[in-house]
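If you scroll down you'll find the structure; I have some questions about it.
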There are 2 protein chains.
Amino acid sequence: MSVKIKDVAREANVSVATVSRVLNNIPLVNEETKKRVLDAIEKTGYKPNAIARSLKMQKTNTLGIMIPDISQAFYTNVVRGVEDVCNIYDYNIILCNTDSDAQKELKYFNVFIEKQCDGILFIGKSLKDELINQIAISKIPVVLGALTDSEDRIPSVSIDNEQASYDLTMHLIENGHKRIAFFDDEDETSFVGIERKKGYKRALESQGIAYRKEYVFDGKYSIKGGFDLMEELLKLEDLPTAVFALNDEMALGAIRKLEEKGLKVPQDMSVAGFNNFTVSEWLTPSITTIAQPMYDIGALCARMLIKMLDGHKDEVKSLYVPHKLIERESTSDIK
Amino acid sequence: MSVKIKDVAREANVSVATVSRVLNNIPLVNEETKKRVLDAIEKTGYKPNAIARSLKMQKTNTLGIMIPDISQAFYTNVVRGVEDVCNIYDYNIILCNTDSDAQKELKYFNVFIEKQCDGILFIGKSLKDELINQIAISKIPVVLGALTDSEDRIPSVSIDNEQASYDLTMHLIENGHKRIAFFDDEDETSFVGIERKKGYKRALESQGIAYRKEYVFDGKYSIKGGFDLMEELLKLEDLPTAVFALNDEMALGAIRKLEEKGLKVPQDMSVAGFNNFTVSEWLTPSITTIAQPMYDIGALCARMLIKMLDGHKDEVKSLYVPHKLIERESTSDIK
DNA sequence: CTGAAAGCGCTTACAG
DNA sequence: CTGAAAGCGCTTACAG
């Protein structure tokens, strides 16, 4: 059906070896022969079969990328960064959504191995042991994005989540808040969540403020999640004066619930988020948050992985990218 | 380095053919032999090489998907729908961002062909002629998502953009609005944009309202885009009483600009959007919009394409999925 | 500078 | 029920 290298060879009256050399820009080919081959390619409309090439070369120029859920704003920017860099270096990405589910992660990992991906980008909230084992066994190059490996067995590109969380909590404390609630991820195994909680605790401790378990709420990473959590929180006797939510979507939900109950943000309660969601600066009130350079995280991850594939495995080391506290209207000094 | 089918065969004392039969669940294999092979697979940690298999089978179980930009909320939901269906049928997706750029579209199309994708999903705002030619030449199955081909040469899954736009415009007219501005896509070749403008015009005409060119503004499909366009609009002598923006992000930007100028929405001006962006219902004011079933569009596209790949090409026909007008706070009766 | 041939890791028609 | 062998479409070491 489709035209193959053999057809081009016949058309140009050369061997397939010569056609291959022209295709791969190997210099030893006579200019005239080359021209004949090029004409034959043009004439036949030949397109190389990358699968055949990959089999021979043991290289697919394809990277596997796992993310929890592409429909979450945070990850889309990371993926865009990855793809742009891949485009530069002629790689393509196979994209999979894991929902942070261990089974799906292992399944997709196997798919990446079977489809001979040159490397894997793992974006997510935590790396499970079983997956680490599989990675070690297969020896496939992997880079983590937006999270780190606690033992740094696998290189990563991420913000320092503990420090970022500390910074945000300190900011609230400096504004006079002592009763600060924490809207956590319902997924307790989330490494990123754990790190952020550490930062929150460290900030409290550093200022001699007791950590109160009743101020920590686990919920969904969504607007509705924050909305529901605030409903819970408002049942407390001793209300917090500020809330630190693990993403801006949760923070927005929390704010809307407060408004629904006739409370004002930040006058009655300050609410801070995380990630600097695209719309956060446009909301009323706009949301105080920690910005992560999402696009850069993706781009750097991809560069790092490609560097490993180019044989510079030892030059690669884990990287913290800077986060930034953005103060907006949803938080203020305590009255 | 890695273990191959040959190694498994040696381990199990059978031929590679037998191993292959076990791997592919071909029934004619003796139970005991099968067990021996399975043990050998287990023991050696063998993972099939899908690239080799693809070369032989002329089938990669990989779909190419082109979208304008994964970092735009609308597309992420479509992609998630695609991926979920692909997961069910054991396909994977190679994802590419085209920025609706003709060069990138052609480049990626070639990549999909060379990498032997079984089919292609094209999500976007318009299909250029050159790409249609390439599709025709290559004969690769393609399905369009979120847009249609004006001549229906290629099957698609989409809302009826013209009708949706008509519905929304009619809604504004029924609320007493006669001076309705239209925030259009700056990309004039956008088929989706053209369709929506048709619907807008048809609604105006049907009510005997003259189409006024000065009420149509071209801008970026973003919050900032709407923000800037509203700045322009406010310079008009004869201000519109309502604005219809081609997405909710633009609508939000427009609303914020109005607020900045001390105008109230919807009291001073109604603003409607399109797509029902995740946050639209949570904004103040919440945004009147047309909801598209984005996830379903993606899922149906993928199902359609897979159906074509299964040899039911003739059963496949273009599909309109229902849109839904959602009335919220950003629009109201004219005072 | 060019070609014949081996081989990448699979699947399957054919023969037994 | 099982194996030997051809072939999928490339690349490249080797020979000339």
Side-chain angles (χ1 to χ4, degrees), chain A residues 1-38 40-41 44-62 90 110-118 138, chain B residues 1-38 40-41 44-62 90 110-118 138:
Chain A
M1 29 170 258
S2 73
V3 16
K4 297 155 218 164
I5 211 170
K6 212 177 183 179
D7 305 310
V8 177
R10 191 182 310 119
E11 181 69 31
N13 243 306
V14 295
S15 72
V16 294
T18 301
V19 176
S20 175
R21 291 193 186 99
V22 172
L23 286 169
N24 292 294
N25 264 312
I26 293 172
L28 342 150
V29 185
N30 178 298
E31 273 306 314
E32 202 203 326
T33 316
K34 184 170 176 178
K35 189 170 175 325
R36 230 166 53 237
V37 171
L38 256 14
I41 289 172
T44 55
Y46 170 74
K47 306 249 170 107
N49 180 326
I51 295 293
R53 180 162 212 277
S54 290
L55 178 59
K56 178 66 192 174
M57 304 293 277
Q58 308 279 46
K59 165 113 183 157
T60 55
N61 273 55
T62 301
D90 278 320
N110 268 318
V111 170
F112 291 162
I113 295 291
E114 295 188 0
K115 291 205 170 174
Q116 312 297 117
C117 289
D118 297 327
S138 74
Chain B
M1 29 170 257
S2 73
V3 17
K4 296 154 218 165
I5 211 170
K6 211 177 184 177
D7 305 310
V8 177
R10 191 183 310 120
E11 181 71 30
N13 243 306
V14 294
S15 72
V16 295
T18 300
V19 177
S20 175
R21 290 195 186 96
V22 172
L23 286 170
N24 292 294
N25 264 312
I26 293 172
L28 340 151
V29 186
N30 178 298
E31 272 308 313
E32 202 204 324
T33 318
K34 184 170 177 179
K35 189 170 174 326
R36 229 166 54 234
V37 171
L38 257 15
I41 289 172
T44 55
Y46 171 74
K47 306 250 169 107
N49 181 325
I51 294 293
R53 179 161 213 276
S54 289
L55 178 60
K56 179 68 190 172
M57 305 293 277
Q58 309 280 48
K59 165 112 183 159
T60 55
N61 273 52
T62 302
D90 278 322
N110 267 318
V111 170
F112 292 163
I113 295 292
E114 295 189 359
K115 292 205 170 173
Q116 312 296 117
C117 289
D118 297 327
S138 74

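Proteins get letters first, then strands, A, B, ... in listed order; numbering begins at 1 in each. What's counted below: heavy atoms across the whole structure, side chains too, no hydrogens, waters or symmetry copies.
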Whole-Å P distance, C:dA5 and C:dC1: 24 Å

Pairing partner of D:dA13 (Watson-Crick or G-U wobble, both distances under 3.5 Å):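 Across any shown strand, D:dA13 pairs with none.
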
Value rounded to 0.5 Å, distance of CD in B:Q58 from CG in B:D118: 10.5 Å

Closest nucleotide among C:dG9, C:dA13, D:dC1 to the B:L55 side chain: C:dG9

Given C:dA6, C:dC10, C:dA13, the nucleotide with the shortest approach to the side chain of A:K56: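 The listed nucleotide nearest to A:K56's side chain is C:dA6.
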
Nearest-nucleotide comparison on DNA chain C, the residue closer to the 5′ end among B:A17 and B:N49: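 Checking each residue's closest nucleotide, the 5'-ward one belongs to B:N49.
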
Among C:dT11, D:dT11, C:dC1, the one nearest A:R53 by side-chain distance: D:dT11

Nearest-neighbour nucleotide for the B:Q58 side chain, D:dC8, C:dT12, D:dT12 considered: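 Looking only at side-chain atoms, B:Q58 lies closest to D:dC8.
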
Paired nucleotide for D:dA4 [Watson-Crick or G-U wobble; both distances under 3.5 Å]: none

Whether B:N30 side chain and B:E32 backbone form a donor-acceptor pair below 3.5 Å: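 Indeed, once roles are kept as given, a pair shorter than 3.5 Å links the two residues.
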
Among D:dC10, C:dT11, D:dT12, the nucleotide that comes nearest once only the side chain of B:S20 is considered: C:dT11

Side chain proximity check, B:K34 to B:N25, heavy atoms < 4.5 angstrom: yes

Residue closer to the 5' end of DNA chain D, B:V29 versus B:M57 (nearest nucleotide): B:V29

OP1 or OP2 of C:dG3 under 4.0 Å from side-chain N/O of A:T18: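 Affirmative; the distance criterion is met.
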
From C:dT2, C:dT11, D:dG9, nucleotide with atom closest to B:V16 side chain: C:dT11

Below 4.0 Å: OP1/OP2 of C:dT2 and any side-chain N or O of A:T33: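 Answer is yes, contact under 4.0 Å.
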
Separation between CG of A:L28 and OG1 of A:T33, rounded to the nearest 0.5 Å: 11.5 Å

Proximal nucleotide (of D:dC8, D:dT2, D:dC10) relative to the B:L28 side chain: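 In terms of side-chain proximity for B:L28, the closest of D:dC8, D:dT2, D:dC10 is D:dT2.
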
